[in-house]
2 protein chains.
Amino acid sequence: MLKIGKLADYALVLAEYLGSTGRIVAISELSQETHIPLATVRKILLRLSQNGIVYSYRGVNGGYELAKAASSITVVEILEAMEGPLSITECVSTGSECKISKYCNLQRGWCSINEKIFSILSRTSLSDL
Amino acid sequence: MLKIGKLADYALVLAEYLGSTGRIVAISELSQETHIPLATVRKILLRLSQNGIVYSYRGVNGGYELAKAASSITVVEILEAMEGPLSITECVSTGSECKISKYCNLQRGWCSINEKIFSILSRTSLSDL
DNA sequence: AAGAATCAATACCATATTGGTATGCTATAG
DNA sequence: CTATAGCATACCAATATGGTATTGATTCTT
């Protein structure tokens, strides 16, 4: 467990393909090449675009391209674009909404672990995968 | 995101309490002290017991205690006891059930990341939290 | 031996999340 | 002006999850 969502996984695959071509690619091509369903690709690319990971171009000959070089886009950037801030537990992100937070003294430890995982994922670039 | 389940989180809290007392503790006490609902505590401790993290004792004065010293129980042990093997993506664990695995070349990278996260979580002991 | 305390095992349910799809709207190239 | 392609939103089905209830088995105490 401790799995990332399928959409986030797909997002990496799509981003990797964009990086490998280096040009503007339409959703239809992305879907064909990656075998990810068209409507799903559409949803993913929208999120990536809204989070500045890719640039989008409308109209004829439109499509998407990476906003940066594949070597400078990190795994955590794409992950967070798809799923929000990295937080291994409730208390790490929101300043503790957890019901038992008053009686729990693990928050500090979780934050530390969270930072370490963040560090790993931010040291891995798209091209490293 | 990339969150662990609440039950796993609770499991750490419960294990930490067990470690702090060093004696046999009944479910009722665990529930009272941690403010985790009784039935939920029962479910969690059962899993921990089945996975050898804690010893259980039935009958009057029964309860649970850690099977090892808190300093030698790792976070990943408890996590995996609660949620199964650590695997950040489908392809890491099961040898790839993923539909697009034939067209995806990220598996190697995910495995590497998974190992690094595993390493972090196995270098953190219960007493470190 | 009886009875109380305590864990074991399973089954169950409501809710939230997730993956996936559909649809009408907007912008742009030519 | 029209075909192409992304934008935005809404929707649905399936699954996972957290949480609860119940019955049975074991052990201590008296």
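Values below: all heavy atoms of this structure, side chains included; hydrogens, waters and symmetry mates excluded. All chains are named by letter (A, B, ...) in the order of the sequence lines, taking the proteins before the strands, and each is independently numbered beginning at 1. Predicted model, so just to flag it, every value in this text is computed and none were measured.
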Inset, instruction - Could you check if a side-chain atom of A/M82 sits within less than 4.5 angstrom of a side-chain atom of A/Y10, using non-hydrogen atoms only? - result: no
Inset, instruction - May I ask you to test the B/L126-B/L66 pair for a side-chain heavy-atom distance under 4.5 Å? - result: yes
Inset, instruction - Send over the distance from A/I4 CD1 to C/dT18 P, rounded to a whole Å. - result: 12 Å
Inset, instruction - Would you classify B/L46 as touching base, sugar-phosphate or nothing, given that sugar-phosphate means primed atoms plus P, OP1 and OP2, and contacts are heavy atoms under 4.0 Å? - result: base
Inset, instruction - Answer yes or no: is there a side-chain heavy-atom contact under 4.5 Å between B/L14 and B/Y64? - result: no
Inset, instruction - Measure the distance from CG on B/L14 to P on D/dG18 and round it to the nearest whole Å. - result: 14 Å
Legend entry - Nucleotide nearest A/Y64 (side chain, heavy atoms from C-beta), chosen from D/dC28, C/dG20, D/dC7: D/dC7
Legend entry - Between C1' of D/dG6 and CD1 of A/I53, the distance in whole Å: 18 Å
Inset, instruction - Take A/V60 and A/K6, find for each the nucleotide of DNA chain C with the closest heavy atom, and name the residue whose nucleotide sits nearer the 5' end. - result: A/K6
Legend entry - Separation of atom CE in B/M1 from atom C1' in C/dT18, rounded to whole Å: 11 Å
Inset, instruction - Flag the pair B/L2 / A/F118 as yes when at least one side-chain heavy-atom distance between them is below 4.5 Å, and no otherwise. - result: no
Inset, instruction - Would you jot down, in residue-number order, the residues of residues 22-45 of chain B having a non-hydrogen atom under 4.0 Å from DNA chain D? - result: B/P37, B/A39, B/T40, B/R42, B/K43
Legend entry - 4.5 Å side-chain heavy-atom contact, A/E80 and A/N51: no
Inset, instruction - Take the protein atom CZ of A/R47 and the nucleotide atom P of C/dG20, then report the distance between them rounded to whole Å. - result: 12 Å
Legend entry - First of A/N61 and B/Y57 reached from the 5' end of DNA chain C, by closest nucleotide: B/Y57
Inset, instruction - Tell me which nucleotide among C/dC7, D/dA3, D/dG18 gets nearest to the side chain of B/S56. - result: C/dC7
Inset, instruction - Select base, sugar-phosphate, or nothing to describe what B/Y10 touches, counting heavy atoms under 4.0 Å on all strands. - result: sugar-phosphate
Inset, instruction - Find the distance B/K99:NZ to C/dG19:P and express it as a whole number of Å. - result: 12 Å
Legend entry - Side chain B/S31, main chain B/I36, donor-acceptor under 3.5 Å: yes
Inset, instruction - State, with a plain yes or no, whether a side-chain heavy atom of A/R47 is found less than 4.5 Å away from one of A/L7. - result: yes
Inset, instruction - Report yes if the side chains of A/M1 and B/L79 come closer than 4.5 Å at any heavy-atom pair, otherwise no. - result: no
Legend entry - Proximal nucleotide (of C/dT26, C/dC7, C/dA9) relative to the A/R58 side chain: C/dT26
Inset, instruction - From the options D/dA8, C/dT28, D/dG6, select the nucleotide whose nearest atom is closest to the side chain of A/Q50. - result: D/dA8
Legend entry - Rounded interatomic separation in angstrom, taking CG from A/L48 and P from D/dG6: 13 Å
Legend entry - Gap between atoms NZ and C1', on A/K3 and D/dT17 respectively (whole Å): 15 Å
Inset, instruction - Ignoring backbone atoms, test whether B/S49 places a side-chain nitrogen or oxygen under 4.0 Å from the OP1 or OP2 oxygen of C/dA8. - result: yes
Inset, instruction - Could you tell me whether A/G62 contacts a base, only the sugar-phosphate backbone, or nothing, with contacts defined as non-hydrogen atoms closer than 4.0 Å? - result: sugar-phosphate
